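Please read the structure below before turning to the comments.
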Number of protein chains: 2
Amino acid sequence: MERLDVPPDVVIRRLPLYARSLRYLLDEGVLSVSSQELGERINVTAAQIRKDLSYFGEFGKQGIGYDVEKLLTHIERILGLNHRWPVVLVGAGYLGQAIARYEGFQKQGLQIVGLFDTDPTKIGQQVGDNEIRDYAEMPAIIEKYQVRLSIISVPAAHAQSVADLLIKAGVRAILNYAPIILQTPDDVWVRYIDPVAVLHSMTYYLAREQS
Amino acid sequence: MERLDVPPDVVIRRLPLYARSLRYLLDEGVLSVSSQELGERINVTAAQIRKDLSYFGEFGKQGIGYDVEKLLTHIERILGLNHRWPVVLVGAGYLGQAIARYEGFQKQGLQIVGLFDTDPTKIGQQVGDNEIRDYAEMPAIIEKYQVRLSIISVPAAHAQSVADLLIKAGVRAILNYAPIILQTPDDVWVRYIDPVAVLHSMTYYLAREQS
DNA sequence: CTGATTTCGTGAATTGTAGCACGAAGTTTC
DNA sequence: GAAACTTCGTGCTACAATTCACGAAATCAG
């Protein structure tokens, strides 16, 4: 029996981890995997994996487990990864350039179709496959490639105005590396990459260790 | 009355966001702030902020709110940010170099005291304030500075072995940028920075939008 | 072909988190 | 100095997420 509940966001966030682990298993030549084995690889309980998957259908076989390739295909389709997603990246500092050069994006269905910065000395420079462009070109690129996904890697002070520009141009999802919470309309998804905050939450535990 | 409950990890993870917002307020010259105002800045309800803080004491004043500077000092002490934390960074590719050059770490009490790579052509090069060193020097540096915090920015295939080295040398917390789940002892904290997974969870929603 | 074994899918129980709403304590207004 | 207002801290309630545990379905051994 198929579930009709809307899958909670926590479940959606785990799906990419399942997908990645399945890709590794596929590379290793593993044909099938149980929820138990998959769970051990990604530190999640077997029941959690089964329950998560049950929001989307029945993909396993009793006594056997899951067919690695089939389950991967299913999850990729659920996530919309059966086609490439164009992405724009704003901010071509050290971090932005590192992101632009990271092959992991291109390999996983994410194609950076525009890299932008305001620094006139940077504009025109080539970074990997991308040329650094002026903000003025942003709306045209977003329109041309129908971009809905974006990454912000500008200093905190400029992140909000960049977000406003992106949203105005049609972007619907933002991955923000700047250490500031963005104010956006309800129909725009925003996620944060915040290594300093993460490290600071770990210092809490370290500070309490052998005391 | 002071709470005796152990604060849940979700609360600990929010504290750095509160701290950061308070730092911005302090810079703006704001002297006091209500849970309402603070909440609006970081998209958290006022009740949540009050409840979170109540795990650690009573910091506010009825009718007024919180003294920005005082609350910030309290939170920083709670997080152990009243002193600097030495950090080692393993992996000096584009990403590792971008991390090493990011001033945000140094400014927020995190001091990179060692930058390591295996590539012989890189060893000896200077990246910001740090020289790229061979893995062989890792244990000595970790011992010398009593390092317990680390960052991994090596390719996925090497991340586990690097984690093993770090833990063996005495590191107790790892921030892992490599797209792989690490297997570690229970007394080591591991957190992940995984932009691809985050983007993939957003494609789920985008794929369902106007359909 | 039968019994033992594995593993799924899921309702029920448990655990965890967030939000409401109110008493208390302080400030402001006139 | 009293009434109106603001805002904290927190017990309680509601909601959400995770885990348990078991029937069902499949395989495997002999």
Side-chain angles (χ1 to χ4, degrees), chain A residues 1-18 21-22 25 30-72 74-75 78 181 201 204, chain B residues 1-18 21-22 25 30-72 74-75 78 181 201 204:
Chain A
M1 171 95 74
E2 195 164 326
R3 287 187 151 255
L4 294 173
D5 285 340
V6 174
D9 187 59
V10 269
V11 173
I12 303 305
R13 292 188 194 221
R14 277 191 295 264
L15 291 183
L17 306 182
Y18 300 162
S21 195
L22 289 165
L25 286 166
V30 177
L31 296 177
S32 91
V33 68
S34 67
S35 56
Q36 181 68 38
E37 293 164 327
L38 188 58
E40 279 164 11
R41 292 192 162 233
I42 52 187
N43 294 345
V44 161
T45 65
Q48 176 123 83
I49 292 178
R50 296 201 302 276
K51 176 140 273 187
D52 284 355
L53 295 177
S54 78
Y55 281 101
F56 306 98
E58 304 189 4
F59 308 114
K61 238 184 196 152
Q62 281 97 332
I64 301 287
Y66 300 90
D67 179 294
V68 171
E69 189 173 2
K70 228 175 70 182
L71 181 56
L72 175 56
H74 273 296
I75 294 179
I78 292 164
I181 306 291
S201 71
Y204 172 85
Chain B
M1 173 93 74
E2 196 165 324
R3 287 184 152 258
L4 294 173
D5 285 340
V6 174
D9 186 58
V10 269
V11 173
I12 304 305
R13 292 187 194 223
R14 277 191 294 264
L15 291 182
L17 306 183
Y18 301 162
S21 195
L22 289 166
L25 286 166
V30 177
L31 297 177
S32 92
V33 67
S34 66
S35 55
Q36 180 69 38
E37 292 164 328
L38 188 58
E40 281 165 9
R41 291 193 164 233
I42 51 188
N43 294 345
V44 162
T45 65
Q48 176 123 83
I49 291 178
R50 295 202 301 276
K51 176 145 270 185
D52 284 355
L53 295 177
S54 78
Y55 280 100
F56 306 99
E58 304 188 4
F59 308 114
K61 240 187 194 149
Q62 283 96 333
I64 301 287
Y66 301 89
D67 179 293
V68 171
E69 190 173 3
K70 229 175 68 183
L71 182 56
L72 175 56
H74 273 297
I75 295 179
I78 291 165
I181 305 293
S201 71
Y204 172 84

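All chains are named by letter (A, B, ...) in the order of the sequence lines, taking the proteins before the strands, and each is independently numbered beginning at 1. Given the structure is predicted, the values throughout are model-derived calculations rather than measurements.
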Problem - Rounded distance in Å - OH (A:Y66) to C1' (D:dA26) - result: 14 Å
Completion exercise
5' to 3', nucleotides 23-28 of chain C under a 4.0 Å protein heavy-atom cut-off (B base, S sugar-phosphate only, - none) gives -BBSS-
Exercise for the section: Please report the C-alpha distance between A:V68 and A:L22 in whole Å, then the side-chain angles of each, then the deciding distance to 0.1 Å, and finally whether the side chain to side chain contact (heavy atoms under 4.5 Å, CB included) criterion is met. Expected result: CA-CA 6 Å; A:V68 171; A:L22 289 165; 4.1 Å; yes
Exercise for the section: Take atom CG of B:D52 and atom P of D:dG9, then tell me their distance rounded to the nearest Å. Expected result: 12 Å
Handout entry: A:R50-A:S35 side chain donor-acceptor pair, cut-off 3.5 Å
Key = yes
Handout entry: Check: B:K51 side chain, C:dG19 base, donor-acceptor under 3.5 Å
Key = yes
Completion exercise
CD (B:E40) and OG1 (B:T45) are apart, to the nearest 0.5 Å, by 11.5 Å
Problem - Distance (rounded to the nearest 0.5 Å) between B:L25 CG and B:L72 CG - result: 9.5 Å
Practice task
Round to the nearest Å and state the distance from A:Y55 atom OH to C:dC8 atom P.
Solution key: 18 Å
Practice task
Work out which heavy atom in A:V11 is nearest to a heavy atom in A:F56; give both atom names and the distance.
Solution key: CG1-CE1, 4.0 Å
Practice task
First locate atom OH of B:Y18, then atom CG of B:L53, and finally report the distance between them rounded to the nearest 0.5 Å.
Solution key: 6.5 Å
Practice task
First locate atom CD1 of B:I75, then atom CG of B:L17, and finally report the distance between them rounded to the nearest 0.5 Å.
Solution key: 10.0 Å
Problem - Between C1' of C:dT10 and CZ of A:R50, the distance in whole Å - result: 9 Å
Practice task
For DNA chain D, determine which residues of residues 33-42 of chain B have any heavy atom closer than 4.0 angstrom to one of its atoms, and list them numerically.
Solution key: B:S34, B:S35
Practice task
Could you tell me whether the phosphate oxygens of C:dA18, OP1 or OP2, come under 4.0 Å of any side-chain nitrogen or oxygen in B:T45?
Solution key: no
Completion exercise
When rounded to whole Å, the CG to C1' distance for the pair B:D5 and C:dT15 reads 14 Å
Practice task
Take the angle between the ring planes of A:F59 and A:H74 and call it parallel below 30°, perpendicular above 60°, tilted in between.
Solution key: tilted
Handout entry: Nearest-angstrom distance from the residue atom CZ of B:R13 to C1' of C:dG16
Key = 14 Å
Exercise for the section: Would you confirm whether B:E37, through its side chain, and B:S34, through its main-chain N or O, come within 3.5 Å as a donor-acceptor pair? Expected result: yes
Exercise for the section: Round to the nearest Å and state the distance from B:I49 atom CD1 to D:dT10 atom P. Expected result: 16 Å
Practice task
Grab the CD-C1' distance between A:Q48 and C:dG16 for me, whole Å please.
Solution key: 13 Å
